[in-house]
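Structure record follows, encoded as C-alpha cells.
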Amino acid sequence: MSPDTMKIDRFELDAGMIERARAAARAITGSMQQHIDAHTTTAVERTVCRLLGINGVDEAGVPLPNVVVDAVADKGKLGQGVAYWLGSACLEHGITLDEAVLDLAIGKLDITACPRPKEEVEKALYPIAASAIERIIENKQKREALIKKLGLGQTPWLYVIVATGNIYEDMVQAKAAARQGADIIAVIRSTGQSLLDYVPYGATTEGFGGTYATQENFRLMRAALDEVGEEIGKYVRLVNYSSGLCMPEIAALGAMERLDLMLSDSMYGILFRDINMERTFVDQFFSRRILALGGLIINTGEDNYLTTDDAYESAHTVIASQFINEQFALAAGLSPWQIGLGHAFQMNPYMEDGLLNEIAQAQLIRQLFPEYPIKFMPPTKYMTGNIFFGHLLNAMFNFVSVLTGQSIHLLGMLTEAIHTPYLQDRHLSIENAKYIMNNARHLADEVVYAKDGRIEKRARAVLEKAVDLLDYIRSRGLMEALEEGTFAAVKRPRKGGKGYDGVVEKSPDYYNPFETLLPRRAPAGGDVTCW
Amino acid sequence: MLVKPYGDTMNDGAMQLSFTLPMRKGDEAREAARVLLTRMGLDDPQIVHMEAIGEEFTFFVAYGKCTFAVDTDELTVARAQVEKMDFYQINKFIKEHIGRKIKVIGACTGTDAHTVGLDAIMNMKGFHGDYGLERYPEFVAVNMGSQVPNETLVAKAIEMGADAILVSQVVTQKNVHVPNLTRLVELLEAEGYRDRVILICGGPRISHELAVELGYDAGFGPGTVPSEVASYIAQELARRLAQTARDE
C-alpha cells in the first residue's frame with residue numbers, strides 16, 4: 001500500500017460503534033467454529049489429495065482426487081479422512097502413495113480395508129505433507145523476491161479480466177493488458193464451473209464466458225505474466241476464484257502455482273450459487289488457511305449483494321458482511337494485508353447526490369478496515385448498451401476509487417452488458433482509469449468533508465444500521481439469518497442447496513496432516529497465528 | 001419514407017465506427033482501415049484516431065458516409081402484440097379478465113450466471129422505477145435464479161402450474177443461448193406443457209423475431225421494463241382464456 005493511502009481518516013466515526021460491530025462479528029463467526037471443526041467435506045478431502053500430490057485423471061478422465069474420495073465415501077468411511085486410509089494402505093501393502101492411488105483407480109485395491117494405528121499413518125504421511133507445505137512457502141518467497149526485484153504498480157491496482165475460453169488466447173490478451181497498464185489479471189472461469197464437483201484437468205481451449213480453472217492453466221498463465229512482468233518491469237498479479245463446490249481445491253492449486261489473489265468469500269456460494277451453507281463454512285475455513293500460508297490476498301464478494309439488492313438501501317448489509325468475512329478470515333490465519341474486503345459502485349446513477357453516497361460508502365469502508373486491501377467493483381447494474389454513458393459511469397467510479405484510497409480496482413468495461421471484453425474495450429478502460437487516477441492522485445489530501453455534512457452523516461447512518469444488523473444476526477445465529485434472507489435478499493435453507501451430501505462429520509480418529517501444518521488463529525481466540 | 005443516418009444535416013449519412021485491426025500501428029494499418037470502410041460501402045472514410053493497443057494491435061475510431069437509404073414503408077417489424085398498461089391498470093385488468101392470480105416462473109438457464117435482466121423484471125424493486133412482478137398483488141412470481149437446468153425449470157413450472165415462463169439469457173458465448181433456448185421448447189413439448197404456458201425469453205441479444213423463430217411466444221430485448229412484460233402476460237392469458245371459452 002502506498003504511504004498516501006495510510007492517512008485515511010477523513011471523517012469522525014464512533015469508535016465504540018466500530019468495536020461493537022467487531023465484537024458482534026467475532027461472536028457470530030465464533031459460534032460457527034464448532035461446526036467447522038467438527039466436519040470435513042468431499043472438497044476438503046480432495047484438497048488433501050491434491051496437496052499430497054495426487055493430480056492426474058483415470059482412464060475415464062475422472063480426476064484422481066475424486067476417484068480416491070468417492071471410493072472412501074462409498075464405503076461410508078470419509079469420517080476418518082482420506083489421508084488416514086491412503087496412509088494405512090501404503091503401510092499395509094508396503095507401497096507408495098502413487099502406487100496406492102493407481103491400484104485404487106483400476107479397482108485392484110480397497111484402501112479402506114486395513115486400518116492402521118493413527119500414529120503410524122501420521123509418521124508415514126508427514127514428510128509428504130511437509131514437502132507440500134514447503135512448496136507453498138517457496139512460492140510465497142519467490143513472489144516476495146519478484147516483487148522486490150520488479151516492484152508493483154501504484155494503488156488502486158488496476159484489475160482486468162480476460163475471458164476468451166482458450167487459455168492460449170487468454171495469455172495473449174493478458175500480456176497485452178499488462179503492457180497497457182493492468183496490475184492484476186483475472187482469468188474468469190467458465191460459467192458453470194463453480195457447480196462442478198471436480199476440477200478439470202490439463203490445458204483447456206474451450207469454455208463458456210471464461211476459461212476453466214485447472215492446475216495447468218494456472219501454470220501457463222503464471223509463466224506468461226512472469227514473462228511480461230520482466231519485460232515491463234512490474235510484478236503482474238494473477239487471480240482466480242476459490243468458490244463453488246471445489247473452493248478449497250482451487251485454493252490449493254492457486255497456492256501451488258503461485259497465484260496472488262483469490263476470490264474467497266464465506267457466504268457468496270450460499271447466496272449466489274445455492275451451495276449448502278454447512279458445507280460452505282467448512283470449505284471456506286480450510287481454503288483460507290491454505291491461502292494464508294501461501295501469502296495470497298483474498299477478495300470477498302460483498303459487491304454481489306448489490307447486484308440483487310439496492311445499493312443505497314442495502315449499503316449496511318455490505319458493511320455487516322465485511323465484518324463477518326473479516327472475522328472468518330482472521331480465524332483462518334489470514335493477516336489484515338491479505339484480506340481484500342469487497343464492495344461496489346452500484347447506486348442508481350440517476351439519484352440526486354448519488355456520487356456523495358458512493359463516496360460516503362467507499363470512505364467509510366476505507367476507514368473501518370484501514371490496513372486491508374479493499375476491493376472496489378465497477379458499476380454493472382445500470383450499464384446498458386449505451387457504451388458512451390457506460391464509459392462515463394466508469395469514470396465516476398474511477399474517481400471515487402482514487403479519492404477514497406481503494407486498493408484493488410476492478411476496471412469497468414464500457415461494453416459490460418453486451419459481451420466479454422474486446423481488446424479495445426480493455427484498452428479504453430485502462431486509459432480511462434489511468435487518466436483519472438493520475439489526474440486526481442492527491443486530491444484526497446486536499447479535501448475535508450463538511451462536518452456533519454451529507455457525506456459524513458450518510459456514512460454514520462450506514463454504520464449504525466450495520467451494527468444493528470450484526471447485533472440482530474448475533475442474537476439470531478448466522479445460519480438462521482441466512483435462512484431468513486438477510487443478505488442480498490436471498491433465502492437459503494440450512495440443509496438445502498448443492499453439495500450438502502458432501503458434508504461429513506469427523507470421527508474421533510479423523511486424520512488430515514494439514515490440520516496441524518496450516519495456519520489458523522489459536523482456538524482460544526487470541527491473535528497468534530501458529531503453524 | 002427513405003432514411004439515412006443523420007449527423008448534422010438531413011441525409012448526410014454520417015456514421016461513427018470503432019474497431020481494432022490485428023496489425024502494428026502505421027501507415028499500412030491506416031490504409032487497411034480506410035479500405036475496409038470503403039468496402040463497407042462508406043463514402044469519404046476518415047480515420048480520426050489510430051492508436052497502438054498492445055504490440056500487434058491497432059485501435060481505430062472512424063467516420064464515413066453511408067451511401068444508401070432504407071425505405072421504411074417496406075419494413076416489417078415483429079413485436080409482441082401488447083397494449084402498454086401501468087402497475088394499477090395491470091392488476092385491475094387481471095382481476096377483471098382472469099379472476100385469479102397469474103403464476104409466473106423465471107430463470108436464467110443453462111450456464112448463464114447473470115441475473116441482472118431477470119431480477120430487473122422479477123424483483124420487487126424492478127427497473128427504472130417500474131416495479132417488478134413480485135410487487136404485483138395479482139402475480140405469483142417465482143425467481144429461480146441463475147444456472148438453472150432446463151429440466152429443473154420445466155419440473156418446477158409444471159409443479160406450480162405456471163401460466164408463464166420467463167427465461168433470461170444475458171452473457172453467452174459462441175451463441176450457446178440458441179440451442180439452450182431451443183432445448184427448453186423441446187422439453188416442454190415432450191411434457192405436453194408447451195400449449196399450456198406463455199413462453200417468453202429476454203436478454204440483450206433476444207429480439208421478438210428470434211424468440212418466435214425459436215418457438216417462443218414473445219421475446220423482449222434490452223431496456224424492457226417489467227410492466228411491459230406484465231402487460232403482455234396479462235393480455236395474452238386473457239386472450240387465450242377467451243379463445244378457450246369460445247372453442248368450448
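Remember, predicted model here, so these are calculated numbers, not experimental data. Below, chains carry the letters A, B, ... as their sequence lines are ordered, and counting in each starts from 1. Atom set for the values below is all heavy atoms of this structure, side chains included, hydrogens, waters and symmetry mates excluded.
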Could you give the side-chain donor-acceptor pairs of residues 32-41 of chain B under 3.5 Å, partners two or more places apart or in another chain?
unit_1: B/R34; atom_1: NE; unit_2: B/E31; atom_2: OE1; d: 3.1
unit_1: B/R34; atom_1: NH2; unit_2: B/E31; atom_2: OE2; d: 2.9
unit_1: B/T38; atom_1: OG1; unit_2: B/R34; atom_2: O; d: 2.9

Counting only non-hydrogen atoms closer than 4.5 Å, does [X] touch chain B with its backbone (N, CA, C, O), its side chain (CB onward), both, or neither?
X      : value
A/E431 : side chain
A/Y382 : neither
A/S190 : neither
A/L428 : side chain

Within a reach of under 6.0 Å around [atom1] of [X], are more than 12 heavy atoms found that belong to other residues, nucleotides or ligands?
X      : atom1 : value
A/Y435 : OH    : no
B/M15  : CE    : no
B/K84  : NZ    : yes
B/K101 : NZ    : no
B/E151 : CD    : yes
A/Y422 : OH    : no
A/K234 : NZ    : yes

Spatial distance of atom [atom1] ([X]) from atom [atom2] ([Y]) [nearest 0.5 Å]:
X      : Y      : atom1 : atom2 : value
B/I53  : A/R426 : CD1   : CZ    : 9.5 Å
A/F388 : B/Q16  : CZ    : CD    : 4.5 Å
B/F57  : A/Q173 : CZ    : CD    : 7.0 Å
B/S18  : A/I387 : OG    : CD1   : 5.5 Å

Under 4.5 Å from any heavy atom of chain A - which part of B/E56 |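 Neither part; nothing is under 4.5 Å.
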Quick one: which of A/D274, A/T384, A/D310 has the most heavy-atom pairs under 4.5 Å with chain B, could you say?
-> A/D310
Could you tell me whether a side-chain N or O of A/Q424 sits under 3.5 Å from a main-chain N or O of B/T20, the two making a donor and an acceptor?
->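 Looks like yes, one N/O pair under 3.5 Å.
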Decide side chain to side chain contact (heavy atoms under 4.5 Å, CB included) for B/F59 and A/L423; before the verdict, give the C-alpha distance in whole Å, the side-chain angles of both, and the deciding distance to 0.1 Å.
-> CA-CA 9 Å; B/F59 174 58; A/L423 193 71; over 6 Å; no
Which residues in residues 130-139 of chain B have any heavy atom lying under 4.5 Å from a heavy atom of chain A?
-> none
Can you tell if the side chain of B/S146 reaches within under 4.5 Å of the side chain of A/R273, non-hydrogen atoms only?
->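 Answer yes - side chains close enough.
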Pairs in or reaching into residues 168-178 of chain A: which pass salt bridge (charged side-chain N to carboxylate O under 4.0 Å, His left out), with residues at least two apart or in two chains?
->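 Checked against salt bridge (charged side-chain N to carboxylate O under 4.0 Å, His left out) - neighbours excluded - the pairs reaching residues 168-178 of chain A are A/K175-A/E227.
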Write down the atom of B/A52, the atom of A/H427, and the distance for their closest heavy-atom approach.
->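 In terms of heavy atoms, the two residues are closest at O-CE1, 4.5 Å.
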Just jot down the side-chain hydrogen bond (donor to acceptor under 3.5 Å, both in side chains) partners of A/S264, sequence neighbours excluded, or say none.
-> A/R288
